[in-house]
Amino acid sequence: MGNDRQKVLLIDGNSIVYRAFFAMPPLTNSSGLHTNAVFGFTTMLLKVMEEEKPTHLLVAFDAGKVTFRHEGYGEYKGGRQKTPPELSEQFPLLKELLSSFSIAQFELGGYEADDIIGTLSRMAEEKDIETVVVSGDKDMLQLASEKVTVLLTRKGVSEVERYSPEAVGERYGLTPQQIIDLKGLMGDASDNIPGIPGVGEKTALKLLAEYGTVENVLAHMGEIKGKLGENVRAHEEDARMSKRLATIFREVPLERTLDELRWSGYDAAELAAALRKLEFKSLIERLDLSAAAVGAADADAAGAAAGQAAYETVWVAGAADWQALNEALPQAEALLVESHGDNPHQGEGIGLGIAAEGCIFVVPYAALASEEAKPLRDWLADEQAAKTGYDLHRAELVLARSGIALRGLAFDVQLAAYLLDPTEADPSLVGLLQRHGLPVIAADEAVFGKGAKFRVPEDEALAAHLAAKTDAIRRLAAPLAEELDKAGMRTLYYELEQPLSVILAGMEKQGISVRAEALEELGKEFQVGIERTMAEIYRLAGCEFNIGSTRQLGEVLFDKLGLPVIKKTKTGYSTDAEVLEKLEPYHEIVRLILHYRTLTKLQSTYIEGLLKEIRPEDGKIHTYYRQTIAATGRLSSQYPNLQNIPIRLEEGRQIRKAFVPSEEGWLILAADYSQIELRVLAHISGDEGLKEAFRNEMDVHTKTAMDVFGVTADQVDSNMRRQAKAVNFGIVYGISDYGLSQNLNITRKEAAAFIDQYFGAFPGVRRYMDDIVAQAKQDGYVTTLLERRRYLPDIRASNFNLRSFAERTAMNTPIQGTAADIIKLAMVRMDETLKSRGLRSRMLLQVHDELVFEVPPEELEMMKELVPKVMAEAFPLDVPLKADVNFGVNWYEAK
DNA sequence: CGACTCACG
DNA sequence: ACGTACGTGAGTCGC
């Protein structure tokens, strides 16, 4: 390859900016200027530049509102949402930044960015120059050719998919040219291109497979049968026009030459100034521009900083490798444990990565058991040896199954990232690197494949990937730790979440004993009920059908039996429990269907589901608590979920009888917070009436009924209390009259009246609701008592639905999240207490407001006192916290 | 793989 | 006027 290598990179500016805007969390500089789209765009830009190393570079923009496409079709791009102002204001910023990068930008009145790109790529092609096009718009695939590669962004902006003509063929079964035909047939709602009604992607692909082009489909439209044929014939002209609209115009009179796109680097001082203005500190660092304001930095810094791996990868195999690793261990900066599958309680280990002293050591998992690995195993188990990793909770479980301990947790990148943004859709290392402007690595999916296609690649490729991940952990740790500090979440992280992760792993390893025979016996009873109910349903329906199919069930209930349709879903009749309850008076079959649903749910999810999860080695179920999923800070539980074991209905509650202590004579002890969310509400709202109610140990729903209905305690009947309870739930969820009316089956007006009454009686609560929404609008996020944070990007949305949802979330998250903080804190305290007192009792489960233990009989009296005390004192509020405790020979009896 | 349904707090 | 309660995980159906 000589110096004359040329490569043109053409970027669809508008498309990428839009994508970036919606993919990135809101981000403003200190003067309140929105910068998220610019940041996302720049991250993408740097990544693609680094990967493609173009010699020529251009960002094309759409110009003006009206293009030549509107001449033939006035409604083109009609009905589009207006560009949000938060985005509009970023275009000038981006254009300015691009000039600081010395990157060419074009726009031309009457044409869109894709036409400019189409024209330039044609010009490059004619000169036999390799071209790469970047866009978020699938239409661009029509440009793919031997010389032109199209990169489509997906999920966010920095992850791209590469399309050669072959790749287009693999993905769609079409040639690039046929992409135009595809859109001609199916249209495009976002551009208001009609296409043919009733033709979506699938039908369009089928037609193209048969006829090849829109023109040929139309030439043969007489032979297309059925409704489809009718539609094609009726919309012939629409199809032709849609194809014209979708065709990228490659003859734009540009009066520019490719030479004008040549990129020869940027002025470091100028770029540093531009980035500083935007407050993109991470990018300044990434491009190594920190010093640039003072001295003139190398204009080629972009390539260098974004460039090659700064470490040596060592695939640990021979004695010399082991020795090098052992010597490096004391300086280890990052640890990776890679294993198969989603469930850390199963699936073999794949390998370890350890970053130390400029090297990344990759240890194949099988070698971990070898004699040479003894020092490594000791290091892993050494409490004093600090580990920085990504999801070390999972790592601990994986290693534990090989008899290897993992201790000495210093920092977990995944856990930190979760606290920084618990709603982040992509918490993978790749996503984190992107958002921090660090060099991006391959996604796991790309290396391993996914689902059934999961394969561990050859040693070399595996080593490279594990090394890249380990290095990513090393690079991310410091910036994330700093961000935690800045956001005031240092304590939350180090005092609560990180210690909790170790406690959770302990509970999961411990597991809970479940008696298979008890489940099987119960399952037999359920089976009898299921069969009996099924037979009766068939008799009443007058036919046999699959009751589990909502479609077939809908046909029987509404078409055959003629019951009134209460509610519809996207795909047909709704048959959910709410609907069926309303239908009960019409036909006795309805009650049976409800019963059938209850029994089959219990049978498949809880009998069969749980039986599959009992491990034969120890007769226990080991769930996996996810600490980085729930947006509010709660835990979640998987494989299986032990946080939704039935309790409300007696039939299902029986399941709990199978959950027993793991040792002879021990007992199950369960303690749950009483009304923790409403107590938290009393505290954070400061409402005097609500606080008073809890201080006087009143029944809070009765108290609410008294105030809402204006009666005395002895006048509150069970119905009033029930309604008051629903109001209290509504308050916690972020009240709306509609939601309450649905729940109580009353009119919206009546619900609104309840809410009014409630707020009249509890003015502090109303003030809280107003204030928290206002605060969320101002800050863009809400926090819990322990400074847990949740961003609410939609709180300023102009769309009513999105905004309302965000407002309810703003009301609910501090309540639910603070309750989550408190029980997590109680778990940490409880763990310390058990250890410091040398108790044998074990904490086994957490169910949001409940902790479940197994206790030896001699500790029962002490635990009955201790557990509720620790829970109540976990975090002092303005009202007392209360936990009730129960015990028994199984979980059912501990009620 | 998405839609629907339902178990829990 | 808008049309939803907050937060999860899992099983089944049907494309």
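Quick note on labels: first sequence line is chain A, next is B, and so on, each numbered from 1. For the numbers below, each heavy atom of this structure counts, side chains included, while hydrogens, waters and symmetry mates do not.
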[X] versus [Y], closest heavy-atom pair with distance:
X	Y	value
K138(A)	L182(A)	NZ-CD2, 4.4 Å
L563(A)	F558(A)	O-CD2, 3.3 Å
E651(A)	F526(A)	O-CZ, 3.7 Å

If you only use heavy atoms from C-beta on, which nucleotide in [options] is closest to the side chain of [X]?
X	options	answer
R748(A)	dG9(B), dG3(C), dT8(C)	dG3(C)
N801(A)	dC8(B), dG3(C), dC15(C)	dG3(C)
K601(A)	dG14(C), dG9(C), dT8(C)	dG9(C)
K570(A)	dC15(C), dA3(B), dT4(C)	dA3(B)
Q552(A)	dA5(C), dT5(B), dG14(C)	dG14(C)
A577(A)	dG3(C), dC6(B), dT4(C)	dC6(B)
Y733(A)	dC1(B), dA7(B), dG9(B)	dG9(B)
F800(A)	dG3(C), dC8(B), dA3(B)	dG3(C)
S549(A)	dT4(C), dG7(C), dC13(C)	dC13(C)
S636(A)	dG3(C), dG9(C), dC8(B)	dG9(C)

Is it the case that [N] (base atoms only) and [X] (side chain only) share a donor and an acceptor within less than 3.5 Å, ignoring hydrogens and angles?
X	N	answer
Q816(A)	dC6(C)	yes
T550(A)	dT5(B)	no
R808(A)	dT4(C)	yes
R551(A)	dG14(C)	no
R626(A)	dG9(C)	no

Practice task
Report yes if the ring of F805(A) lies under 5.5 Å from the six-membered base ring of dT4(C) with planes under 30°, and no otherwise.
Solution key: no
Under 4.0 angstrom between [X] side-chain N/O and [N] OP1 or OP2:
X	N	value
R803(A)	dC2(C)	no
T569(A)	dC4(B)	yes
T571(A)	dC4(B)	yes
T598(A)	dC6(B)	no
N641(A)	dC8(B)	no

Problem - Heavy-atom donor-acceptor pair, Y768(A) side chain to M811(A) backbone, under 3.5 Å - result: yes
Exercise for the section: Look only at the side chain of Q603(A) and the backbone of G523(A), and say whether a donor-acceptor pair between them is shorter than 3.5 Å. Expected result: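 Checked: pair present.
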Using a 4.0 Å heavy-atom cut-off across all strands, classify [X] as base, sugar-phosphate, or nothing.
X	answer
A820(A)	nothing
A806(A)	nothing
D672(A)	nothing
G730(A)	base
S637(A)	sugar-phosphate
K450(A)	sugar-phosphate
I647(A)	sugar-phosphate
V847(A)	sugar-phosphate
L635(A)	nothing
T600(A)	nothing

What integer distance in Å separates [X]:[atom1] from [N]:[atom2]?
X	N	atom1	atom2	result
N799(A)	dA1(C)	CG	P	17 Å
K568(A)	dC4(B)	NZ	C1'	16 Å
I823(A)	dG7(C)	CD1	C1'	15 Å
Y625(A)	dC8(B)	OH	P	16 Å
N644(A)	dC6(C)	CG	P	19 Å
Q723(A)	dA5(C)	CD	C1'	16 Å
I645(A)	dA10(C)	CD1	C1'	11 Å
D576(A)	dT4(C)	CG	P	13 Å

Exercise for the section: Apply salt bridge (charged side-chain N to carboxylate O under 4.0 Å, His left out) to E581(A) and R597(A), showing your working. Expected result: CA-CA 13 Å; E581(A) 271 156 32; R597(A) 283 242 175 105; over 6 Å; no
With [atom1] as the reference atom in both, quote the distance from [N] to [M] in angstrom, rounded to an integer.
N	M	atom1	answer
dT4(C)	dT5(B)	P	15 Å
dA3(B)	dA5(C)	P	16 Å
dC8(B)	dG3(C)	P	31 Å

Handout entry: NZ/NE/NH1/NH2 to OD/OE distance under 4.0 Å, E161(A) and R171(A)
Key = no
Practice task
Kindly determine whether R766(A) and D756(A) satisfy salt bridge (charged side-chain N to carboxylate O under 4.0 Å, His left out), including the steps that lead there.
Solution key: CA-CA 10 Å; R766(A) 166 175 276 168; D756(A) 253 14; 3.7 Å; yes
Handout entry: H393(A) and Y624(A) aromatic centres sub-6.0 Å
Key =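 Ring-ring flag for H393(A)/Y624(A): true, centres closer than 6.0 Å.
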Exercise for the section: Quick one: look up who dT12(C) pairs with, Watson-Crick or G-U, both distances under 3.5 Å, and put none if it's unpaired. Expected result: dA3(B)
Problem - Pairing partner (Watson-Crick or G-U wobble, both distances under 3.5 angstrom) of dA1(C) - result: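 Base partner found: none.
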